[in-house]
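Shown next, in structure tokens, is the structure this report addresses.
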Number of protein chains: 2
Amino acid sequence: MKRQIYDCQAGCPVESTLQIISGKWKSVILYHLLQDEVCHFGSLQRDLGHCSRRMLALQLKELEQDKIITKTVFAANPPKTEYRLTAWGQTLAPVIQAMAQWGENYNQRQKHMNRVE
Amino acid sequence: MKRQIYDCQAGCPVESTLQIISGKWKSVILYHLLQDEVCHFGSLQRDLGHCSRRMLALQLKELEQDKIITKTVFAANPPKTEYRLTAWGQTLAPVIQAMAQWGENYNQRQKHMNRVE
DNA sequence: CAGCATCCTCTTTGATACTG
DNA sequence: CAGTATCAAAGAGGATGCTG
């Protein structure tokens, strides 16, 4: 796997953060994990809509490798998997929440602009 | 150009934000613009280090199209270009600052872990 | 259900050369 | 200096089939 995208040696803190959360779906996954605490593979896939099974699995694996989330497998039939944030992963809450808040503003603004045009 | 990456119709606020700032270098560019207020093409390129001229130009253009930054050209010789945040772009400050803060924590943590190992 | 492996396609990105 | 144009290489991501 690749994974080293940014030159974090340079010390730019934003690049360091991006190194962890810049995957296409990672922030969205974290957003749902902050809201629900526990998520299953299937529920995440429903929530994300446009994210394929393959992509979702990849993003989850990277988050797990980076110790942002944990995965617990229940080997039943059908099997079930639980994902949740680690304590360390929870420190990302301010970042994700800031993103969510800005996005809400943005959505409002867009709605308003459509009315005006 | 492509540009529509996420299904923002679904209403997920995090996806809306990503739609604007998820370009590989956008957050980093915004970070420097928040610190310096005015940046030139060359200074940004120095700050970003690993970002090619081509990439930098692309990212700046997209940010400009999304009305996050403005570009002012001084047709001197040598020419000079100034980039700065729009008022709307400045509303991204909390997001970028949260990212910067988390990244600083992360860098500290990494330094500490290296000592321990 | 929750994934991994494979194949295949479309993008993204870096290198390079050129311009006002 | 601040870009743009072009080309080739690398990577991202979808579709599908297989597994426990």
Side-chain angles (χ1 to χ4, degrees), chain A residues 1-7 10 15 18-29 32-33 36 38-66 68-84, chain B residues 1-8 10 15 18-29 32-33 36 38-66 69-84:
Chain A
M1 209 176 303
K2 250 320 220 21
R3 298 299 312 284
Q4 193 63 31
I5 306 174
Y6 297 95
D7 174 25
E15 291 190 34
L18 288 174
Q19 182 61 38
I20 300 298
I21 66 167
S22 70
K24 188 167 175 185
W25 295 99
K26 289 182 184 172
S27 316
V28 189
I29 292 171
H32 287 289
L33 278 171
D36 297 346
V38 180
C39 292
H40 303 183
F41 191 91
S43 70
L44 280 170
Q45 202 174 3
R46 259 189 309 285
D47 291 341
L48 269 53
H50 281 54
C51 179
S52 69
R53 215 177 352 157
R54 182 179 170 285
M55 261 282 96
L56 180 53
L58 281 175
Q59 299 282 289
L60 287 169
K61 183 178 290 185
E62 292 191 359
L63 285 170
E64 197 192 348
Q65 286 173 347
D66 288 335
I68 303 299
I69 64 175
T70 58
K71 167 172 157 179
T72 316
V73 180
F74 298 90
N77 201 310
K80 198 139 208 167
T81 314
E82 288 186 356
Y83 291 96
R84 51 187 89 210
Chain B
M1 210 175 301
K2 248 323 216 17
R3 297 303 309 287
Q4 192 63 31
I5 305 174
Y6 297 93
D7 174 25
C8 299
E15 292 191 32
L18 288 174
Q19 183 60 39
I20 301 298
I21 66 167
S22 70
K24 186 167 176 184
W25 295 99
K26 287 182 184 173
S27 315
V28 189
I29 292 170
H32 287 289
L33 278 170
D36 298 346
V38 180
C39 292
H40 303 180
F41 193 92
S43 68
L44 280 172
Q45 203 175 2
R46 258 190 310 285
D47 291 340
L48 268 55
H50 281 55
C51 178
S52 68
R53 216 176 350 159
R54 184 179 168 286
M55 262 282 96
L56 180 54
L58 281 176
Q59 300 282 288
L60 287 168
K61 184 177 291 186
E62 293 191 359
L63 285 170
E64 196 192 349
Q65 285 172 346
D66 288 334
I69 63 175
T70 58
K71 166 172 157 180
T72 316
V73 181
F74 298 90
N77 203 308
K80 198 140 210 168
T81 313
E82 287 185 357
Y83 291 96
R84 52 186 88 210

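Numbered from 1 within each chain, the chains take letters A, B, ... in sequence-line order.
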Q: Could you tell me which residues satisfy salt bridge (Lys or Arg N to Asp or Glu O under 4.0 Å) with A/D47, sequence neighbours excluded, listed by chain and number?
A: none
Q | Residue whose nearest DNA chain D nucleotide is more 5′ - A/P78 or A/H50 | A | A/H50
What pairs of nitrogen or oxygen atoms, one from the protein and one from nucleotides 3-6 of chain C, lie under 3.5 Å apart?
from	atom 1	to	atom 2	distance (Å)
C/dG3	OP1	A/K71	NZ	2.9
C/dG3	OP1	A/Y83	OH	3.3
C/dG3	OP2	A/Y83	OH	2.6
C/dG3	N7	A/R53	NH1	3.3
C/dG3	O6	A/R53	NH1	2.3
C/dC4	OP1	A/K61	NZ	3.2

Q: Kindly indicate whether the side chain of A/Q19, heavy atoms from C-beta on, has any atom under 4.5 Å from the side chain of A/D66.
A: no
Q. Whole Å only: how far is the CZ atom of B/F74 from the C1' atom of C/dG20?
A. 17 Å
Q: Note the angle between the end axes of the helix from C/dC1-D/dG20 to C/dG20-D/dC1, five pairs defining each, rounded to 10 degrees.
A: 50°
Q: Starting at atom NZ of B/K26, determine the distance to atom C1' of C/dT13, rounded to an integer number of angstrom.
A: 15 Å
Q. Does any non-hydrogen side-chain atom of A/I29 lie less than 4.5 Å from one of A/Q59?
A. yes
Q) In whole angstrom, what separates B/L44's CG from D/dC1's P? A) 14 Å
Q: Please report, rounded to the nearest Å, how far the C1' atom of D/dG3 is from the CD atom of B/Q45.
A: 10 Å
Q.
So, using side-chain contact (heavy atoms from CB on, under 4.5 Å) as the criterion, who are the partners of B/H40 when residues are at least two apart?
A. B/V38, B/S43, B/K80, B/E82
Q.
Exactly one of B/L44, B/L48, B/L33 should register a side chain to side chain contact (heavy atoms under 4.5 Å, CB included) with B/V28. Which one does?
A. B/L48
Q. Rounded to whole angstroms, how far apart are CZ on B/R46 and P on D/dA2?
A. 9 Å
Q.
Check the phosphate of D/dG14 against A/S52, side-chain N and O only, distance under 4.0 Å to OP1 or OP2. Yes or no?
A. yes
Q: Could you pull out all residues at least two apart from B/Y83 that satisfy ring pair (Phe, Tyr, Trp, His ring centres under 6.0 Å)?
A: none
(Q) Test of understanding: with side chain to side chain donor-acceptor pair (under 3.5 Å), list the residues that count as partners of A/K26, not counting sequence neighbours. (A) A/E62
Q. Taking CE from B/M55 and P from D/dA10, how many angstroms apart are they, rounded to a whole number?
A. 17 Å
Q.
So, using side-chain contact (heavy atoms from CB on, under 4.5 Å) as the criterion, who are the partners of B/Q45 when residues are at least two apart?
A. B/F41, B/R53, B/L56
Q: List in chain and number order the residues that pass side-chain contact (heavy atoms from CB on, under 4.5 Å) with A/S22, two or more places apart in sequence or in another chain; answer none if no residue qualifies.
A: A/I5, A/Y6, A/L18
Q: Send over the distance from B/I5 CD1 to D/dG14 P, rounded to a whole Å.
A: 12 Å
Q | Interatomic distance where CD belongs to A/E82 and C1' belongs to C/dC1 [whole Å] | A | 14 Å
